[in-house]
*Asks:* 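Structure incoming, see below.
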Amino acid sequence: MKAYAMTIGGKSVDTSEHKDIMNPATGAVVGRMPMGSRADLDAAVAAARAAFPGWAATPDEKRKELCHAVAAKIGEHSEEIAAIITAEQGKPLNGLGSRFEMGGCVGWAHSTADLDLPVETIQDNEEGKIELHRKPVGVVGSITPWNWPVLIAVWHVLPAIRAGNTVVIKPSPYTPLSTLRLVEIMNEVLPAGVMNAVSGADDLGAAMSEHEGIDKIVFTGSIATGKKVMGSAAGTLKRLTLELGGNDAGIVLPDADPAAIAEGLFWGAFINTGQTCGAMKRLYVHESIHDAVCDALVDLAQKMPMGDGSKEESALGPLSNKMQFDKVAGLVEDAKAQGGKVISGGAPIEGDGYFYPITFVTEVKDGVRLVDEEQFGPVLPIIRYSDVDDIIAKANENPHGLGGSIWGSDIAKAKELAQRLEAGTVWVNKHGAIQPNVPFGGVKCSGIGVEFGEEGLKEYTNVQIVWV
Ligand code: NAD
């Protein structure tokens with residue numbers, strides 16, 4: 001079995017204790033993770049602090065060049081890391097799976113490398129010159145989830161190092177192996193100490209959030225943990241970017257064409273078997289086309305191959321871990337008990353692995369947990385409505401505010417309604433699209449701050465005003 005190592009100060013570091021990492025499709029052990037201690041974290045932070053002055057002082061063009069070199073390295077190792085992601089996380093190699101994730105990593109890394117934050121001149125007249133400079137924050141702690149382990153790591157660490165910070169990353173204990181490998185290959189081109197990785201249990205994340213040697217935390221994960229991070233970061237007044245959970249509403253208007261939108265709705269909800277922050281998690285459909293939309297979605301679900309991600313034909317994989325599997329199954333049982341009608345799926349698939357079928361539950365409404373909470377799995381509640389203003393209000397009553405979408409033929413009307421949703425991103429006739437030059441982030445309980453593009457890069461800097 002392959003053993004993976006942490007990287008601290010450019011060196012490979014192992015530990016005396018390890019944890020086996022399982023393939024959620026088969027239950028097989030796919031590798032073992034070092035169980036890093038508080039002392040390992042302290043060593044990683046010290047390495048990042050030692051490397052910071054040199055990296056921050058490196059000429060901007062050189063940093064840009066090294067970030068492109070990192071992107072190229074990720075490209076060279078894409079197939080290798082895609083296989084690790086599929087083995088530890090479960091998503092298929094193909095379709096919107098691990099090869100797609102690695103393609104995103106390369107694209108995002110190059111695009112982030114190309115970003116610039118030039119000095120801005122605010123005033124230049126006889127009274128003097130005032131400039132706005134962007135300076136790196138210092139040591140950035142990155143804490144990542146298990147759903148898109150490498151893509152989210154790239155989203156965190158590339159802007160951090162592009163802006164001149166050094167980094168300590170801690171991956172999710174469910175999917176640490178691909179990130180440990182990512183950091184190893186990044187260290188083939190970066191100076192020692194710029195990019196460090198520690199792995200271990202959740203308490204390492206808590207220790208990072210309160211660590212005196214870390215200046216900023218970028219965290220992607222659940223709202224509950226995000227609140228804890230914010231609490232523990234208060235003692236050191238750390239800068240924070242929090243990308244948290246979503247419960248995105250999709251609203252289908254009466255003038256939508258069910259056949260034309262079905263595939264967009266399907267993948268908007270079920271990318272990565274629904275384990276995606278910005279996936280559609282509740283669907284409101286006007287009563288006049290409710291049944292036609294349901295039929296089109298069930299038809300697609302029945303055709304979509306779900307299976308072991310390492311099989312080239314699989315389009316959907318298992319749930320990634322037992323915790324998530326139990327949560328999804330529990331939400332469906334609760335919805336059934338509240339009068340929900342399952343029109344497809346609705347019970348775990350027998351056999352190895354955490355497989356749960358694509359499931360649609362109708363005859364539910366707000367107040368049922370499956371509608372109110374983030375399910376993060378292959379289950380979509382479909383809510384019938386008659387009045388669009390009422391349903392926009394319902395969608396907005398939810399504390400989440402990550403994304404939302406409106407589906408219809410009258411684009412001007414759909415756009416006007418989309419802008420009334422309380423969400424960081426709204427889409428018309430699509431759901432979940434993101435790209436590296438477009439800021440992304442949540443409002444309300446879905447987070448603080450944005451990632452991507454110049455707006456995202458700025459989050460890894462402090463403003464310094466220079467009066468001359
Ligand atoms: P999680 O909150 O359970 O864990 C996330 C990370 O936090 C892991 O690395 C974990 O080890 C660490 N952690 C656990 N306890 C901690 C503590 N007390 N202090 C600091 N760190 C701690 O989330 P998850 O289950 O891994 O991920 C799923 C969640 O992530 C979903 O809610 C999803 O919507 C959200 N998510 C959001 C985005 C976004 O961009 N908004 C993207 C992906 C996932």
Side-chain angles (χ1 to χ4, degrees), residues 19 21 24 33 35-36 38 41 88-89 91 101 104 108 141-156 168-176 178-180 197-211 214 217-235 238 240-248 271-281 319-328 373-377 399-403 423-425 432 434 438-452 456 459:
K19 179 175 171 259
I21 302 301
M33 155 176 93
M35 289 299 285
R38 175 65 201 231
L41 173 63
E88 68 178 349
Q89 200 276 343
K91 70 183 62 166
E101 175 164 358
W108 250 274
S142 153
I143 304 175
T144 52
W146 48 260
N147 58 338
W148 294 92
V150 182
L151 188 57
I152 291 174
V154 164
W155 291 348
H156 286 188
V168 177
I169 187 169
K170 187 209 78 67
S172 165
Y174 290 112
T175 54
S178 48
T179 303
L180 292 174
V198 291
S199 55
D202 288 344
D203 58 3
L204 270 188
M208 286 170 74
S209 312
E210 59 186 26
H211 204 290
I214 294 181
I217 292 281
V218 51
F219 170 86
T220 302
S222 62
I223 294 175
T225 311
K227 288 179 179 173
K228 288 187 198 163
V229 169
M230 197 169 182
S232 351
K238 281 185 181 51
L240 289 176
T241 301
L242 301 176
E243 294 291 355
L244 308 178
N247 191 5
D248 293 12
I271 178 170
N272 198 22
T273 313
Q275 302 162 110
T276 299
C277 57
M280 187 195 300
K281 302 204 171 110
L319 283 155
S320 205
N321 51 67
K322 181 155 189 334
M323 178 269 300
Q324 198 56 37
F325 179 80
D326 290 343
K327 181 176 170 190
V328 166
E373 298 177 20
E374 182 185 41
Q375 68 277 50
F376 219 59
H400 297 82
L402 196 55
T425 303
I434 50 170
V438 179
F440 178 79
V443 299
K444 306 202 298 192
C445 285
S446 288
I448 294 178
V450 293
E451 297 186 278
F452 314 159
E459 303 237 347

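Counting starts at 1 for both ligands and their atoms, following the listed order. Scope of the values below: all heavy atoms of this structure, side chains included, with no hydrogens, waters or symmetry mates. Computed from a predicted structure; not experimentally measured.
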*Asks:* Heavy atoms only: which of M230, K227, K228 lies closest to atom 18 (N) of ligand 1?
*Replies:*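 Considering heavy atoms of M230, K227, K228, the nearest to atom 18 (N) of ligand 1 sits in K228.
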*Asks:* For atom 28 (C) of ligand 1, what is the nearest protein heavy atom, given as residue, atom name and distance?
*Replies:*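 For atom 28 (C) of ligand 1, the nearest protein heavy atom is F376 CE2, 3.6 Å.
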*Asks:* Atom 10 (C) of ligand 1: which protein heavy atom is closest, and how many Å away?
*Replies:*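 Residue, atom and distance for the closest contact: D202 OD1, 3.4 Å.
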*Asks:* Do E459 and T241 meet the criterion of a side-chain donor-acceptor pair at a distance under 3.5 Å?
*Replies:*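 Yes, a side-chain donor-acceptor pair sits under 3.5 Å.
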*Asks:* Check L244 against ligand 1 and report side chain, backbone, both or neither, counting heavy atoms closer than 4.0 Å.
*Replies:*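 The answer is the backbone.
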*Asks:* To the nearest 0.1 Å, how far is atom 34 (O) of ligand 1 from its closest protein heavy atom, and which atom is that?
*Replies:*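 Atom 34 (O) of ligand 1 sits closest to the protein heavy atom E374 OE2, 2.6 Å.
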*Asks:* For atom 12 (C) of ligand 1, grab the closest protein heavy atom and report residue, atom and distance to one decimal in Å.
*Replies:*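 In this structure, atom 12 (C) of ligand 1 has I143 CG2, 3.7 Å as its nearest protein heavy atom.
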*Asks:* Look at atom 35 (C) of ligand 1 and say which protein heavy atom is nearest, naming residue and atom and giving the distance to 0.1 Å.
*Replies:*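 Atom 35 (C) of ligand 1 sits closest to the protein heavy atom G221 O, 3.2 Å.
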*Asks:* Looking at M230, I want to see if its CE is surrounded by more than 12 non-hydrogen atoms of other residues, nucleotides or ligands under 6.0 Å.
*Replies:*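 Counting neighbours around CE of M230, 12 or fewer heavy atoms of other residues, nucleotides or ligands fall under 6.0 Å, so no.
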*Asks:* Under a 4.0 angstrom heavy-atom cut-off, which atoms of ligand 1 come close to G205?
*Replies:*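 Counting from 1, the qualifying ligand atoms are 19 (N), 20 (C), 21 (N).
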*Asks:* Under 4.0 Å from a heavy atom of F440: give me the atoms of ligand 1 that qualify, with their elements.
*Replies:*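 So the atoms of ligand 1 that pass are 40 (O).
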*Asks:* Do the side-chain N and O atoms of Q275 and S320 include a donor-acceptor pair separated by under 3.5 angstrom?
*Replies:*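 Per modelled atom types, Q275 and S320 side chains form no pair under 3.5 Å.
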*Asks:* Quick one: which of S222, G442, C277 has a heavy atom closest to atom 37 (C) of ligand 1?
*Replies:*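 Shortest heavy-atom distance from atom 37 (C) of ligand 1: C277.
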*Asks:* Do any N/O atoms on T225 end up under 3.5 angstrom from N/O atoms on ligand 1?
*Replies:*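 By distance alone, the answer is yes.
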*Asks:* How far is atom 24 (P) of ligand 1 from its nearest protein heavy atom, and which residue and atom name does that atom have?
*Replies:*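 Sorting protein heavy atoms by distance from atom 24 (P) of ligand 1 puts W146 NE1, 3.4 Å first.
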*Asks:* Can you find a non-hydrogen atom of F219 under 4.0 Å from ligand 1?
*Replies:*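 Yes, F219 has a heavy atom closer than 4.0 Å to ligand 1.
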*Asks:* Could you check atom 9 (O) of ligand 1 against the protein and tell me its nearest heavy-atom contact, residue, atom and distance included?
*Replies:*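 Closest protein heavy atom to atom 9 (O) of ligand 1: T144 O, 2.7 Å.
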*Asks:* Would you confirm whether any non-hydrogen atom of the protein falls under 4.0 Å from atom 4 (O) of ligand 1?
*Replies:*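 Protein heavy atom within 4.0 Å of atom 4 (O) of ligand 1: absent.
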